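Only one structure is covered here, and it is reproduced in the block below.
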There are 2 protein chains.
Amino acid sequence: MSTVSSTADDILACALTLIVAGGYNGFSYADIADVVGIRKPSIHHHFASKVDLVRTLVARYREEAQAGLSALERNVADPAEQLKSYIAYWEACIKDATAPFCVCALLASELPILPEEVALEVRAHFRHLASWLASVMERGKRQGRLHLVGTARVEAEGFMATVHGAMLSARAYGDPKMFGTVTRPLLDRLSTRH
Amino acid sequence: MSTVSSTADDILACALTLIVAGGYNGFSYADIADVVGIRKPSIHHHFASKVDLVRTLVARYREEAQAGLSALERNVADPAEQLKSYIAYWEACIKDATAPFCVCALLASELPILPEEVALEVRAHFRHLASWLASVMERGKRQGRLHLVGTARVEAEGFMATVHGAMLSARAYGDPKMFGTVTRPLLDRLSTRH
DNA sequence: GACGACCTACCTATTGGAAGGTAGCTCATC
DNA sequence: GATGAGCTACCTTCCAATAGGTAGGTCGTC
């Protein structure tokens with residue numbers, strides 16, 4: 001059942017890897033065709049245009065991200081542990097190098113030259129992620145499980161920014177451990193009473 | 001004196017703007033030629049290749065950055081104020097939109113597909129900036145002017161990552177104020193005794 | 001008359017994409 | 001149960017535009 005129409009998924013998976021490596025203009029149809037094992041123009045059968053391909057890709061990524069956060073809400077009760085799990089997820093992604101960067105974070109850095117349709121999806125991801133983090137912060141504060149200095153919103157934005165910066169540093173240093181080096185103090189500061 | 005051989009500088013300045021907007025593959029010689037008012041092949045008279053152009057660009061950027069940090073060391077004594085000035089510099093850059101992103105931060109996100117010569121310069125910038133920040137942290141700690149939780153090195157990496165993440169968020173939200181929203185608590189936490 | 005700065009005229013490879021064809025499957029109809 | 005319509009999934013061929021880059025020339029200045 002998963003083999004049915006898997007080519008479109010293969011194309012998306014491949015494009016994801018390529019975008020994570022070098023952004024919107026860092027890959028071409030030829031690159032995808034080589035990896036997927038298909039002729040270059042055949043990609044148009046599955047996606048009308050490059051914009052369409054990337055928009056679909058980001059939209060699906062966002063769906064999966066939302067599903068992942070929902071699962072986290074269900075499986076982990078403690079707000080502090082939720083943040084820890086979120087960080088652990090990315091730590092694992094970066095370590096095994098499958099997708100060592102958030103697609104939306106990477107695309108956001110190129111926002112000025114991004115097709116508007118893609119840019120919309122990217123901005124939506126930032127808003128959604130920040131909202132979720134703010135809700136976790138808020139709940140953690142109420143339950144006395146998280147120690148906030150500023151408002152939940154500000155703490156959430158700071159958290160998100162630091163995580164993105166940590167991904168960048170890990171990449172710049174070529175050292176996956178750098179992600180943990182930066183994010184661990186962040187978690188400690190939020191969960192420790194001082 | 002500054003008009004002498006200004007074309008090379010114009011090309012570099014233009015390329016900087018374009019890279020800041022969309023990364024290494026986000027601009028072409030044609031783009032530069034249009035802005036500078038020169039024919040496309042004439043760029044080769046000043047820079048042998050695109051790699052050469054960008055490598056020169058990043059090398060010069062690094063020189064200016066180092067000069068800027070040195071000036072900061074001379075003009076501002078207090079470590080906490082040095083960090084504040086560094087943030088204020090970027091806050092101004094982002095607000096007036098001249099160069100609302102660090103070139104090296106943007107290029108770092110594309111590191112896997114960057115020509116090695118450029119990648120080397122980018123990595124060097126990260127190391128140098130982190131070293132400077134660590135030295136400021138260390139001095140601030142000794143002088144009792146900065147309150148560190150972890151080691152100077154770890155605090156420096158966290159600081160740098162958060163600043164980069166703040167640039168990204170400001171871009172993603174299309175809101176320059178977001179940079180200050182994220183970085184102000186960072187400065188407060190370091191300079192406040194609590 | 002050498003040189004720097006820039007030009008025109010090209011070149012080759014690659015870009016995303018258009019056009020039209022074909023192999024094989026499903027399924028209703030006769 | 002053969003026929004044919006229509007589907008998906010891919011193919012080949014082609015294209016205009018753009019990529020970065022080369023060769024060789026012009027022209028003003030020292």
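Just so it is clear, the model here is predicted, and its values are computed rather than measured.
- Between the CZ atom of A/Arg39 and the P atom of D/dT13 there is a distance of 11 Å, given to the nearest Å.
- Under the 4.5 Å side-chain heavy-atom criterion for Ile, Leu, Val, Met, Phe, Trp and Tyr, A/Val54 and A/Val35 are members of distinct hydrophobic clusters.
- In this structure, A/Arg142 and A/Glu138 have side chains that are in contact, with non-hydrogen atoms separated by less than 4.5 Å.
- Side-chain to base pairing of A/Lys40 with C/dG16: one donor and one acceptor N or O lie within less than 3.5 Å of each other.
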(request) Would you give a per-nucleotide map of nucleotides 22-30 of chain D, 5' to 3', where B means the base has a protein non-hydrogen atom under 4.0 Å away, S means only the sugar-phosphate does, and - means neither? (result) B--------
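- Rounding to whole angstrom units, CZ of residue A/Phe47 and C1' of C/dA18 are separated by 19 Å.
- Side-chain heavy atoms closer than 4.5 Å link hydrophobic residues (I, L, V, M, F, W, Y) into clusters, and following such links, even through other members, never connects B/Tyr173 to A/Val154.
- Contact check on B/Arg62 versus B/Glu121 returns a salt bridge, with a Lys/Arg side-chain nitrogen under 4.0 Å from an Asp/Glu carboxylate oxygen.
- Atoms CG (A/Leu53) and P (C/dT15) sit 15 Å apart, rounded to a whole Å.
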For residues 92-109 of chain A, dump all side-chain donor-acceptor pairs below 3.5 Å to protein atoms at least two apart in sequence or in another chain.
unit_1, atom_1, unit_2, atom_2, d
A/Asp96, OD1, A/Thr98, N, 3.0
A/Asp96, OD1, A/Thr98, OG1, 2.8
A/Ser109, OG, A/Leu106, O, 2.6

Going by atom type alone, with no hydrogens or angles, which donor-acceptor pairs under 3.5 Å involve a side-chain atom of residues 79-90 of chain A and a protein atom two or more places apart or on another chain?
unit_1, atom_1, unit_2, atom_2, d
A/Gln82, NE2, A/Val76, O, 2.8
A/Ser85, OG, A/Glu81, O, 3.0

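- Sorted by residue number, the members of residues 28-37 of chain B with any non-hydrogen atom under 4.0 Å from DNA chain D read B/Ser28, B/Tyr29, B/Ala30.
- Put simply, NE2 on B/His45 is 16 Å from P on D/dG21, counting in whole angstrom units.
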(message) Let me check I have this right: for DNA chain D, each base becomes ., (, ), [, ] or |, based on Watson-Crick or G-U pairs with both distances under 3.5 Å. What is the full string?
(response) ||||||||||||||||||.|||||||||||
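- Here the OH atom belonging to B/Tyr24 is positioned 13.0 Å from the CG atom belonging to B/Leu111, to the nearest 0.5 angstrom.
- Summarising the geometry, the separation between CZ on A/Phe27 and C1' on C/dT15 is reported as 12 Å, rounded to the nearest angstrom.
- Applying the salt bridge (charged side-chain N to carboxylate O under 4.0 Å, His left out) rule to A/Glu116 yields the partners A/Arg123; only residues at least two apart in sequence or on another chain are considered.
- Picking from D/dC10, C/dC7, C/dA5 the nucleotide with the shortest atom distance to the side chain of B/Ser42 gives C/dC7.
- The shortest distance between the side-chain N/O atoms of A/Ser49 and the OP1/OP2 oxygens of C/dG16 is not below 4.0 Å.
- Using a 4.0 Å cut-off between charged nitrogen and carboxylate oxygen, A/Arg60 and A/Glu64 do not count as a salt-bridge pair.
- Rounding to the nearest 0.5 angstrom, the gap separating the NE2 atom in B/His147 from the CD atom in B/Glu155 is 8.5 Å.
- Atom CG of B/Asn25 is separated from atom C1' of C/dT15 by 12 Å (rounded to the nearest Å).
- Across all strands shown, A/Ile43 has no heavy atoms under 4.0 Å from either base or sugar-phosphate atoms.
- Atom-to-atom, CG of A/Asp10 to C1' of D/dC10 comes out at 14 Å; the value is rounded to the nearest Å.
- There is no path of hydrophobic side-chain contacts, each under 4.5 Å, that joins B/Phe27 to B/Ile113.
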